Every structure is written in C-alpha cells, then in structure tokens.
Undergrad: 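One structure, pasted below without further comment.
Remember, predicted model here, so these are calculated numbers, not experimental data.
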4 protein chains.
Amino acid sequence: MSVNKETGQPKFRRRADDRPDEVLDAAMELFTAQGFANTKVEQIARLAGLSKGAVYLYFPSKQAIIEALVRRAVTPVAERAMAHARAFAGDPRLGISATLRQLAHGLVDAKMLAIPKMVVREAAQVPELAQMYRREVLDRVLPAIAMLIQRGIDDGYFRPVDADLTLRSLIGPILVHLMLADVFDITPPEGLAFDRLIENHLSILFDGLSVSGKAGAR
Amino acid sequence: MSVNKETGQPKFRRRADDRPDEVLDAAMELFTAQGFANTKVEQIARLAGLSKGAVYLYFPSKQAIIEALVRRAVTPVAERAMAHARAFAGDPRLGISATLRQLAHGLVDAKMLAIPKMVVREAAQVPELAQMYRREVLDRVLPAIAMLIQRGIDDGYFRPVDADLTLRSLIGPILVHLMLADVFDITPPEGLAFDRLIENHLSILFDGLSVSGKAGAR
Amino acid sequence: MSVNKETGQPKFRRRADDRPDEVLDAAMELFTAQGFANTKVEQIARLAGLSKGAVYLYFPSKQAIIEALVRRAVTPVAERAMAHARAFAGDPRLGISATLRQLAHGLVDAKMLAIPKMVVREAAQVPELAQMYRREVLDRVLPAIAMLIQRGIDDGYFRPVDADLTLRSLIGPILVHLMLADVFDITPPEGLAFDRLIENHLSILFDGLSVSGKAGAR
Amino acid sequence: MSVNKETGQPKFRRRADDRPDEVLDAAMELFTAQGFANTKVEQIARLAGLSKGAVYLYFPSKQAIIEALVRRAVTPVAERAMAHARAFAGDPRLGISATLRQLAHGLVDAKMLAIPKMVVREAAQVPELAQMYRREVLDRVLPAIAMLIQRGIDDGYFRPVDADLTLRSLIGPILVHLMLADVFDITPPEGLAFDRLIENHLSILFDGLSVSGKAGAR
DNA sequence: AATGAATGAGACTTCATTCAT
DNA sequence: GATGAATGAAGTCTCATTCAT
C-alpha cells in the first residue's frame with residue numbers, strides 16, 4: 001500500500017476517473033457558500049483533495065467548472081420531475097399535488113437547491129448558465145405542469161383559467177418559502193415546515209380553482 | 001443671499017451634498033447589471049461623474065457602498081408598503097388586493113427591483129445586507145400583510161388558515177413571475193402581463209380562501 | 001520638494017508623460033539581453049523605476065510592449081536611411097557608399113541593433129513584429145538601395161546585373177560581420193573594425209561591378 | 001539468434017536506442033517553429049511518439065535537449081564543409097564556388113537551417129549553444145574558407161585583400177538572402193532563386209577580386 | 001522501460017486603495 | 001475637495017519536473 005507512514009495519506013492518487021466529480025462537488029459547496037467570484041480555484045482544489053494545477057487537468061477554466069456543474073445537475077432533475085408530471089392519468093389534482101411535493105422535497109436537500117440558487121445568482125455574469133438551465137429544466141418542467149393544469153380544466157376539475165399564469169400561482173409559494181428561509185432566515189416557528197406549507201397552499205389553490213360556483217374574486 | 005456670511009463660501013458648492021447619492025445611483029445600476037464583485041470602483045466613479053479617488057471621500061470602501069445602497073433604499077419602501085397595508089378598514093380583501101398590486105407595480109420598476117435582487121445575490125458574501133433588509137423591510141412588511149389575512153379570517157371573510165403560510169401563497173407568484181422574466185426571459189406571449197397575472201392569481205386565491213364550503217383540497 | 005528624506009527618492013512621480021518611453025527603454029534592454037519570453041514584466045517595471053501594476057497603465061499587455069518598441073524605433077530609421085539613399089545625384093557609387101556606411105555605423109550602436117535583432121528573434125512568436133518591420137523599414141529601404149544600384153547600371157557605372165540580387169551582395173557582409181561579433185564573439189584581432197570591413201567590401205564590389213571588361217567569373 | 005543469451009532480452013527492444021534521436025528530431029522541428037521557450041515538453045514527447053515522462057528518461061531537462069540537439073547536428077556539418085574546402089588543389093575559385101554552393105544548398109534544407117537559426121535565436125538564453133556552435137562549426141569552417149581565399153591571393157588569382165574580411169563579403173549575401181526570405185518573406189519574384197543569387201554574387205566577387213587593374217573603388 | 005496524473009513555483013494581469021499634487 | 005498615477009496583494013492559469021504505478 002503506497003501510503004505515507006507519517007500522514008497516512010497517499011501523496012498521489014492516480015487514474016481517478018471520478019476526480020472531475022469530486023472537483024464539481026467541492027466547487028458546488030464553495031460557489032453556494034461564497035459565490036462564484038469569491039471562490040478561488042485553489043480553494044476548490046484543496047477541498048477536492050488535489051492541487052491547484054490538477055484542477056486544470058479536468059477543466060480548462062474556472063468558468064468551465066460552473067458550467068459543468070449546472071450541466072451535471074440539470075438533466076436528472078428534469079427527468080424525474082417530468083416522470084411525475086406524466087404519471088397521473090386520473091384526477092390531475094393528484095398529479096399536481098405529487099409533483100409539487102416531489103419538487104419541494106427535492107429542493108429541501110441543500111445539494112439540489114444549490115444549483116438553481118447558483119444559476120440565479122450568477123446569471124448576470126454567466127448567461128450560459130441561465131440559458132442552459134432554462135433549456136434543460138424549465139422549458140421541460142414548466143410546460144409539463146401547465147399541461148396538468150390544462151387537463152384539469154379540460155376534464156372539468158378546474159375553472160377555465162390561464163394555465164401558464166396559474167402555474168406561477170402554483171409554484172411561487174414554494175420559492176418564497178425557500179428564499180425567506182435560506183436568504184433571510186425567516187421560517188415558521190417550528191422550522192421549515194414544508195409539508196404544512198404545501199398542505200395549506202394546495203387546499204387554497206384547489207378550492208380556488210374548483211368549478212363549483214362561488215363569489216368571484218376581487 | 002448668495003454668499004454665506006459665516007463661512008465665506010460661495011452659494012453653489014458644486015452640489016457636494018448630492019455626491020454620495022449620485023455614487024449610490026451609479027453603484028446600484030452597475031451592481032444590478034454585473035454583480036458586486038465584477039463592478040470596479042472606477043466604473044462607479046465614471047458613471048457618477050467623478051474620479052476614482054473622490055469616491056473614497058464619501059465611502060471608506062467598496063463594501064460600504066453596497067451597504068449604504070441598501071440602507072438608503074430600504075426605509076421608504078417599508079413606509080409605503082405599510083401605509084397601504086394599514087389603510088383598509090373594511091373588507092381586507094381590498095387591502096390585500098391593493099397592497100399586492102402596489103407591490104407588483106413597484107417591482108416592475110427596475111430601480112425598485114434592483115435592491116432586493118442585489119440583496120439576494122450578495123447575501124452570502126455580505127450577510128449584513130440580508131440582515132438589514134430583513135430588519136428594515138421584511139420584518140415590517142410581512143407581518144403587516146399577515147395581519148391583513150388574519151383580519152380576513154377573524155372577520156369571517158376567509159377560512160381559518162395559517163396566515164403566515166398563506167402569506168407565501170399570496171406573494172410567491174409575483175416573485176416567480178418576475179424571476180422567470182428577469183433571469184430566464186420567460187414571459188407570457190404578450191409581455192410581462194403583470195395585471196393579468198395578479199387578476200388570475202387573486203381570483204383563485206380569494207375563491208380558495210372563501211368560507212363557503214367546498215370539496216376539500218388534497 | 002516631495003522627496004523622502006531617508007532614501008532621497010520620491011515615492012510617487014506623477015503625470016510623467018515620458019513613462020511609456022522609459023518602459024520601452026527598459027523593455028528593450030531586457031528583451032535584447034534575455035529574449036521576450038524570459039523577461040518578466042516585473043523586471044521591466046523595476047528597471048523603469050515603477051511598479052509591476054503601473055506598467056499596465058501604459059500598455060495593455062506584455063506583447064503590446066514589444067510591438068510598441070518596434071513601432072517606436074522603426075519610423076526614424078527608415079527616414080534617415082532613405083534620406084541618404086536619395087541624396088546622391090551624381091555617381092551612384094558615392095550614394096551607395098554613404099548609405100552603407102551610415103547603415104553600418106547606425107547598427108554599431110547597440111540601441112539601434114537591438115531592434116532588428118529582437119524582430120528576427122521573436123518573429124516566429126509575434127509575426128506582427130516581422131510584418132511591421134518589413135512594412136516600415138525593409139519595404140522602403142531595400143528598394144531605395146536597389147534603385148541606386150539600378151541607376152549605377154543605367155548610367156553606365158555598373159555592368160547589367162540584377163539589382164535585387166546585388167543588393168544582397170551589398171548588405172550581406174555587414175550582417176554577417178555583426179552577427180559573428182555579436183552572437184559568436186568572432187571579430188578581427190583589433191576589434192569590430194567596421195570601417196576596414198566596408199572599405200574592403202566596397203573595393204571588391206565596385207571593382208566587380210565595373211563595366212571595364214574582365215574575364216567572366218566562375 | 002533472436003534472443004540474447006546473456007540478458008534473456010528479446011531481440012526487438014522497441015528501438016530504445018533510437019529514442020533519443022527521435023526526441024531530438026521532434027524538438028528541432030518544434031524549437032524551430034515556435035522557439036525554445038514556447039515549446040512544451042509534452043509537445044516534443046507527443047511528436048516523438050512517447051510520453052512526457054519518457055523524455056526525462058533520456059534527457060535530464062529541457063535545456064539538455066537543445067544542447068544535445070546542437071551537439072548532434074554540429075559535427076557532421078563541419079566535416080563535410082571542410083572536406084569541400086580542402087578538396088580543390090588548383091584554381092581556388094573553383095573551391096570557393098563549390099563550397100559556397102554546397103553551403104547554400106545545404107541551408108535551403110529546412111532541417112539544416114534549423115540549427116543555426118536556433119543557435120542564433122537562443123544564444124542569449126543559453127550561451128553554451130553559441131559557444132558549442134562556434135567551437136565545433138565556425139572555428140573550423142571559417143578558417144578553411146579564409147585559407148582558400150588566402151591561397152587565391154598567394155597563387156596570384158586575387159588582389160591582396162584581407163582574407164578574413166573578404167570571407168564576410170563571400171558568405172554574407174547567402175545569409176541575407178535566407179533571412180529576408182525566411183523571416184520577412186521577401187524573395188525574388190520567381191521564388192528563392194538561390195542559384196541565380198550565387199551566380200550573380202560570385203560573378204561580381206571574382207571580378208572584384210581579380211588582379212587585372214581597374215579604377216579603384218569608392 | 002514507460003506512463004501520465006499530480007505538483008507547485010511562478011507567470012501575467014486586475015483592481016481596491018493610497019497619496020502627491 | 002478632487003484627481004488619477006501609482007502601488008502591491010491576490011487571482012487565474014501554465015508548465016517543467018516528479019513519481020506511483
């Protein structure tokens with residue numbers, strides 16, 4: 001075993017195919033915590049357990065790291081979300097509910113949340129990030145959800161509302177909830193309470209959307 | 001009197017008093033467009049019409065600029081929002097509606113939107129920003145809105161929901177709508193259509209909140 | 001006088017319009033001695049008496065320095081050489097002789113020689129240098145000399161030779177003489193002896209070019 | 001015998017003996033095209049068909065490569081040139097003519113020209129190169145040519161000129177011709193035309209050197 | 001013998017901040 | 001007060017060389 005007796009650490013580690021992933025993991029952690037501009041390549045390297053120079057064996061530039069980061073995270077997310085959105089053939093409210101819960105629980109994981117946070121934060125500097133995220137995630141997931149809403153209307157579950165706008169009513173609260181907690185440290189007394197939020201939100205929303213007549217809004 | 005008798009200074013002092021504000025205006029524009037780290041002090045100075053060195057006559061450091069920026073913007077916003085929230089004595093739905101519209105229209109103005117955007121983006125680097133924004137804006141405005149909702153419940157307009165969570169259902173869609181447009185360039189076909197969004201959203205929300213029984217949500 | 005009492009050196013020197021020239025002087029010395037790639041910007045800065053960063057106030061990059069260096073040196077050289085070449089109306093041999101001597105003596109000055117040396121050495125890396133030197137110097141000076149030779153032929157002083165090729169016979173020896181001395185430290189016993197070289201060379205050349213019949217070469 | 005009985009090694013040892021030469025070939029090509037400083041060891045390795053690490057099995061450093069390169073090239077050149085210089089017993093003009101043509105044609109080959117080009121270019125950085133080249137090539141070849149000239153004088157073919165200086169008149173034009181073409185892309189209209197150059201040059205030179213009196217130069 | 005992943009010193013360049021004028 | 005030349009720390013990226021395999 002080629003291990004340094006003093007430190008117990010091998011000096012080199014060779015042919016590690018998962019080095020790039022380790023670099024990305026380290027970069028995500030640091031970018032999330034400090035932002036892209038404030039993270040030094042050396043920090044990423046140290047956290048990934050290699051030297052500054054070695055990072056450049058795997059990525060041609062610092063910007064390439066953040067792009068690879070988003071690219072890596074983006075595809076599986078879209079896949080899973082759309083699987084949910086398509087899975088429900090009957091009452092579309094069940095599909096909406098499941099999709100929303102899955103989305104919310106996914107985002108509670110700091111690892112998952114980190115990517116969209118980073119994309120939003122660095123969008124002005126690295127527009128490719130926003131474009132990629134839009135193309136790979138939003139342009140697939142949002143229409144899928146809008147279609148669920150539309151089916152709800154077509155099948156007589158919902159009033160005839162604008163599905164695209166209603167989509168925003170559907171997902172917006174999740175975003176605010178997360179942002180208040182994450183950025184401003186504002187949560188319900190007992191913690192994040194994501195389940196209660198969704199419960200409350202959907203009960204209002206589905207009621208508000210139901211066809212059984214009621215006094216108009218405003 | 002064109003000369004101050006005490007100091008002997010000429011009346012027009014080259015608007016020295018406005019200088020700090022001009023610096024802040026310039027900084028806000030640049031921070032919004034490029035982010036804090038990517039904005040050079042020289043750029044701010046040039047846009048404000050003075051020299052790099054002069055900026056340091058008014059602010060001790062670059063970070064002091066962003067802090068002053070948020071501090072300046074933060075107070076009047078809170079004032080106005082709370083004025084609205086308190087103004088409605090009758091049907092609280094009117095108050096909510098008015099407050100939301102005012103909030104939305106305020107944020108359509110790039111100048112207004114810039115501050116929270118900046119706060120969110122730089123929160124990780126300069127936690128003071130988030131703290132200040134929370135203290136001066138959120139901790140005043142959010143409870144005021146929550147109180148409106150609570151009054152709606154107490155006065156029999158709304159079902160007994162959790163006002164704090166419902167608050168998120170109320171304002172979330174506005175945020176998503178703006179973010180989709182601003183970061184990802186995703187808008188309804190005809191443009192931002194903020195009015196339609198709010199119309200649609202409130203109609204759903206108020207219906208969903210109304211007391212007249214309905215099939216329970218899921 | 002704003003001079004540091006300890007060192008006698010002012011810490012800053014402001015508004016020095018000749019700073020760029022001082023940087024170029026320093027750069028020429030170092031590029032000549034060590035080559036472009038081996039010269040660090042910091043060395044140039046120190047030799048020019050300013051800081052690394054200040055160099056970038058005057059030149060946007062290291063390569064811009066070498067380009068400016070050649071550009072600065074190139075114009076006056078061409079002017080003077082062509083003035084000589086045009087000045088002789090009578091026996092063109094006098095013009096050739098004077099031009100050659102002027103060229104040779106000019107190049108004895110290390111400052112003058114440095115530029116073409118640098119151009120030749122770095123031509124492969126920075127092709128712009130060679131292009132600029134050709135355009136500004138060679139394309140003007142060489143035809144002027146060739147024209148002198150041609151006039152020598154037309155006026156009956158020289159045999160009908162190819163002026164362009166003979167041009168090479170004319171200036172070549174100066175180049176070899178310099179290169180042997182400069183690169184390989186090979187000189188006549190008494191030193192550079194440029195005058196003796198030219199005397200010897202021109203006596204052979206003019207004899208070889210004269211029309212008075214002689215046994216053909218080879 | 002396909003296996004060495006002593007060592008038990010297979011007969012074909014993957015041409016390990018040729019490896020150093022292949023490295024030198026690759027290095028020469030790259031140094032010529034890009035200069036020493038701009039050539040990466042990895043490039044040399046790849047072009048030589050082996051790995052970066054293997055280069056260091058044969059050469060202790062990058063600088064050792066360029067030194068070996070010159071050393072390898074230097075000896076045979078001197079041999080051949082001196083063979084020519086000594087071969088002509090009769091009219092030394094024939095010897096000079098043949099030597100010059102051989103020199104010129106040798107240098108047309110990019111491979112041959114590469115070495116002196118490299119030596120000149122890198123002389124300032126690696127003085128050993130210039131010293132070695134002088135010792136092995138110039139100090140042998142130049143005196144041999146000078147001796148031919150001297151014999152021309154002694155035998156009554158040439159006027160009594162300084163053989164060392166005339167040597168420069170002899171070889172200089174070849175150098176300028178090559179340099180104009182190689183560095184500045186300046187050639188006669190039909191191409192390099194080396195034969196015409198030499199023809200023209202020698203006809204002038206031999207005429208100029210011949211004893212039959214003529215009007216003095218100048 | 002051979003590989004190529006890894007290292008780390010050091011290059012160029014940027015920019016917040018200072019200070020002589 | 002105002003300027004902008006000057007500084008120098010610090011960042012990104014390169015590459016000769018080493019070494020585990």
Undergrad: Take atom CD of Gln34(D) and atom C1' of dC15(F), then tell me their distance rounded to the nearest Å.
TA: 14 Å
Undergrad: With distance as the sole test, does Lys62(A) use its side chain to make a donor-acceptor pair with the main-chain N or O of Thr39(A) at under 3.5 Å?
TA: yes
Undergrad: Which listed nucleotide (dT12(F), dT17(E), dT13(E)) is nearest to the side chain of Tyr56(A)?
TA: dT12(F)
Undergrad: At under 4.0 Å between heavy atoms, what does Lys52(B) touch on the DNA or RNA strands: base, sugar-phosphate, or nothing?
TA: base
Undergrad: Can you run through DNA chain F from 5' to 3' and write each base as (, ), [, ], | or . depending on how it pairs? Watson-Crick or G-U wobble, both distances under 3.5 Å.
TA: .||||||||||||||||||||
Undergrad: State whether the side chain of Gln34(A) and the backbone N or O of Gln125(B) hold a donor-acceptor pair below 3.5 Å, judged by distance alone.
TA: no
Undergrad: For dA2(F), take OP1 and OP2 only and decide whether either is under 4.0 Å from a side-chain N or O of Arg19(B).
TA: yes
Undergrad: Give Leu50(C) one of three labels, base, sugar-phosphate or nothing, depending on what nucleic acid heavy atoms sit under 4.0 Å from its own.
TA: sugar-phosphate
Undergrad: Mind checking the OH-CG spacing from Tyr58(D) to Leu50(D)? Nearest 0.5 Å is all I need.
TA: 6.5 Å
Undergrad: Is there a donor-acceptor contact under 3.5 Å from the side chain of Gln43(D) to the main chain of Lys40(D)?
TA: yes
Undergrad: Determine whether Tyr133(C) and Val120(C) make a side-chain contact, defined as any pair of heavy atoms from C-beta on separated by less than 4.5 Å.
TA: no
Undergrad: Taking the nucleotide of DNA chain F with the closest heavy atom to each, which residue, Ala37(A) or Leu57(B), is nearer the 5' end?
TA: Leu57(B)
Undergrad: Side chain of Tyr58(D) only, please: which of dT14(E), dA2(E), dG4(F) is the nearest?
TA: dA2(E)
Undergrad: Using whole Å, what does the distance between atom P of nucleotide dA16(E) and atom CZ of Phe36(B) come to?
TA: 8 Å
Undergrad: Could you tell me whether Lys62(D) contacts a base, only the sugar-phosphate backbone, or nothing, with contacts defined as non-hydrogen atoms closer than 4.0 Å?
TA: sugar-phosphate
Undergrad: Going by the salt bridge (charged side-chain N to carboxylate O under 4.0 Å, His left out) test, which pairs reach into residues 24-38 of chain B, not counting sequence neighbours?
TA: Asp25(B)-Arg72(B)
Undergrad: Could you please name the option among dT3(F), dA16(F), dC12(E) that lies closest to any side-chain atom of Ser51(B)?
TA: dT3(F)
Undergrad: Would you mind telling me which of dT18(F), dA16(E), dT17(E) lies closest to the side-chain atoms of Lys40(B)?
TA: dA16(E)
